[in-house]
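Step one of this worksheet: look at the structure below.
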There are 2 protein chains.
Amino acid sequence: MDSLTSGQLRTACSTCTLNELCWQHGLTPIDLEQLHGLVRHAENLPIGSHLFQVGDKFTAVYAVRTGCVKSYTTDASGEEQVHGFHMTGDLLGFDAIYPEQHRCNAAIVQTCSVCVLPYQELMNLAVRLPSLQTSLMHLMSREFSINLLFPDGAPAEQRMSAFLLDLSRRQERQGRPPYELDLAMSRQEIASYLGFTVETASRLLTKMQKEGLIKVKRRLIYLMDMEALTQIARHASSNGPTKH
Amino acid sequence: MDSLTSGQLRTACSTCTLNELCWQHGLTPIDLEQLHGLVRHAENLPIGSHLFQVGDKFTAVYAVRTGCVKSYTTDASGEEQVHGFHMTGDLLGFDAIYPEQHRCNAAIVQTCSVCVLPYQELMNLAVRLPSLQTSLMHLMSREFSINLLFPDGAPAEQRMSAFLLDLSRRQERQGRPPYELDLAMSRQEIASYLGFTVETASRLLTKMQKEGLIKVKRRLIYLMDMEALTQIARHASSNGPTKH
DNA sequence: CGTTAGTTTGACGGCACTCAAAAGTTGTGG
DNA sequence: CCACAACTTTTGAGTGCCGTCAAACTAACG
């Protein structure tokens, strides 16, 4: 199950955003063979299982192919704090390179298959392939930009809108309709990620439904007015009809 | 002013946390020579000037030697949002590697001197020096861990405590007393960074002074009870003496 | 000494948290 | 297929923290 032929892997990887790493760098067929030779695949990882946990030795980075992974920590009072959701094409684990120990947990939120890239082997290969090295830097760099999305003190509705639109964009990148979201994560996890409570998350969604912005059906969410959602996500003030 | 002799540079770099990059990798003297050959220095950068701004082409990463730099963006309503403060030994600019364009501004908050590391030259050198490549990955990785410090929905006093202790730790790393802070940034900038308003920041500091946690003298802040501060910074609940 | 920017303090209101309970959903065994 | 338990989600009532608006106060600088 772990080793596939090069041909199979090519097919497997073609749907993956990671393919920047695999294909877009003028690597020779022999180089590609080597790169794919070190990638391991893990499939049908069950909900609740972990890719890694706090304190685990760092050995590999992970690329999500299908499903959804959350990275989180637990604070002193035992509360879970979600730091990010990682879906198709996203990478995980870069934060642990330096101390060679993971500093957060990565748990499956929706049944997953991932590519496992053993870090040391990857680096060994990168030494011989400058274009691979460049690619790795690009992919790491991309992970930095994510945190610019959610201003800290922003009102809840703004953050929720930004969140929904972010999911929408990610879906669209994979050729799926941008206005129809099937949330992989619970309200609790959304709330934790956005920095408020479950109740607030729930109230917010029903409120936004009443306003005609979205339609909520359990974990299905339809974005009815992406224009307005974008306005709310951007605009710090003037977010609602102010009584003058 | 830009080019110094190798001997001068060694002296200059010896106080810099970046010296992991420069010295701790068994590079041969010749390698070191080459590495230092591409580093440029900029000194006495005045307050308010920029290392780079949104949209600037990405050409280099920066290492702060002295002073303080803030990275920030401005949102749709023109409000400034501070994303981080970078002081001695910190690196800046990694977020821009991929799109090759800076996505935030970097402004001097306190008179600065920095090392400028031209990215392309650095990568070219890294191709020949595997240990330098490793080092670069380490340094980038370190930048990721920073965001784990400030949980989003945490109460203001908790975040402020965490902030002060973070500054304290950084000072200590450089052999300066950990309990005596000379803030480089304004209240406004602190507030923006922590996600609340100037007024709240100000009120908070005076409140914490009354509680005996700190002593405030303008931009001088003495940490009087680091034990208690640590408690507050960690603990989500039970932060104050609860009436039972 | 006057002007200006930064900081502090006060009063008031609203958004989001807490506590609490109902309603809906999923899984398990009878 | 139903009943029951465990969990998730929703809704409600009350409170408190923090934001907004406004003004006084304090350096710093020309």
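Every chain is numbered from 1, with letters handed out A, B, ... down the list of sequences.
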>> What's the angle between the local helix axes at either end of the helix from C:dC1-D:dG30 to C:dG30-D:dC1, using five pairs per end and rounding to 10 degrees?
In response: 40°
> Can you say whether the rings of A:Tyr62 and A:Phe52 are parallel (under 30°), tilted (30 to 60°) or perpendicular (over 60°)?
Replying inline: tilted
>> I'd like to check the side-chain hydrogen bond (donor to acceptor under 3.5 Å, both in side chains) partners of B:Thr59; sequence neighbours left out, ordered by chain and number.
In response: none
> Taking B:Ser113 for the side chain and B:Ala42 for the main chain, is one N or O donor matched with an acceptor at less than 3.5 Å?
Replying inline: no
> How would you list, by chain and number, every residue that makes a salt bridge (Lys or Arg N to Asp or Glu O under 4.0 Å) with B:Glu100, sequence neighbours excluded?
Replying inline: none
> Taking for each residue the nucleotide of DNA chain D with the nearest heavy atom, is it A:Gly153 or A:Met185 whose nucleotide lies nearer the 5' end?
Replying inline: A:Met185
> Starting at CZ of A:Arg187 and ending at C1' of C:dT26, how long is that distance when rounded to a whole Å?
Replying inline: 15 Å
>> Just to verify, what does B:Lys210 make a side-chain contact (heavy atoms from CB on, under 4.5 Å) with, not counting sequence neighbours?
In response: none
>> Please enumerate all residues that pass side-chain hydrogen bond (donor to acceptor under 3.5 Å, both in side chains) together with B:Tyr72, with sequence neighbours excluded.
In response: B:His50
> Which parts of residues 196-219 of chain B get close to DNA chain C, meaning a heavy atom less than 4.0 angstrom away?
Replying inline: B:Glu199, B:Ser202, B:Arg203, B:Thr206, B:Arg219
> Rounded to whole angstrom units, what separation is found between the CG atom of A:Leu194 and the P atom of C:dC15?
Replying inline: 18 Å
> Who are the salt bridge (Lys or Arg N to Asp or Glu O under 4.0 Å) partners of B:Asp166, not counting sequence neighbours?
Replying inline: B:Arg169, B:Arg170
>> Could you work out, with salt bridge (Lys or Arg N to Asp or Glu O under 4.0 Å) as the rule, every residue matching B:Glu80, not counting sequence neighbours?
In response: B:Lys70
Using a 3.5 Å cut-off and no angle test, enumerate the donor-acceptor pairs between side-chain atoms of residues 176-186 of chain A and protein atoms at least two apart in sequence or in another chain.
unit_1	atom_1	unit_2	atom_2	d
A:Ser186	OG	A:Gln188	N	3.4
A:Ser186	OG	A:Glu189	N	3.1
A:Ser186	OG	A:Glu189	OE1	3.3

>> The criterion is salt bridge (Lys or Arg N to Asp or Glu O under 4.0 Å); which residues satisfy it with B:Lys207, sequence neighbours excluded?
In response: B:Glu157, B:Glu211
>> Please report the distance, rounded to the nearest Å, between CD in A:Glu157 and P in C:dA16.
In response: 9 Å
> So where does chain A start and stop touching DNA chain D, 5' to 3', when the test is distance under 4.0 Å to a non-hydrogen atom?
Replying inline: D:dT9 to D:dA13
>> My understanding is that only residues two or more places apart in sequence, or in another chain, count here; which of them pass side-chain contact (heavy atoms from CB on, under 4.5 Å) with B:Ser49?
In response: B:Leu45, B:Pro46, B:Ile108
> Please give, in whole Å, the distance from C:dG24 P to A:Leu220 CG?
Replying inline: 18 Å
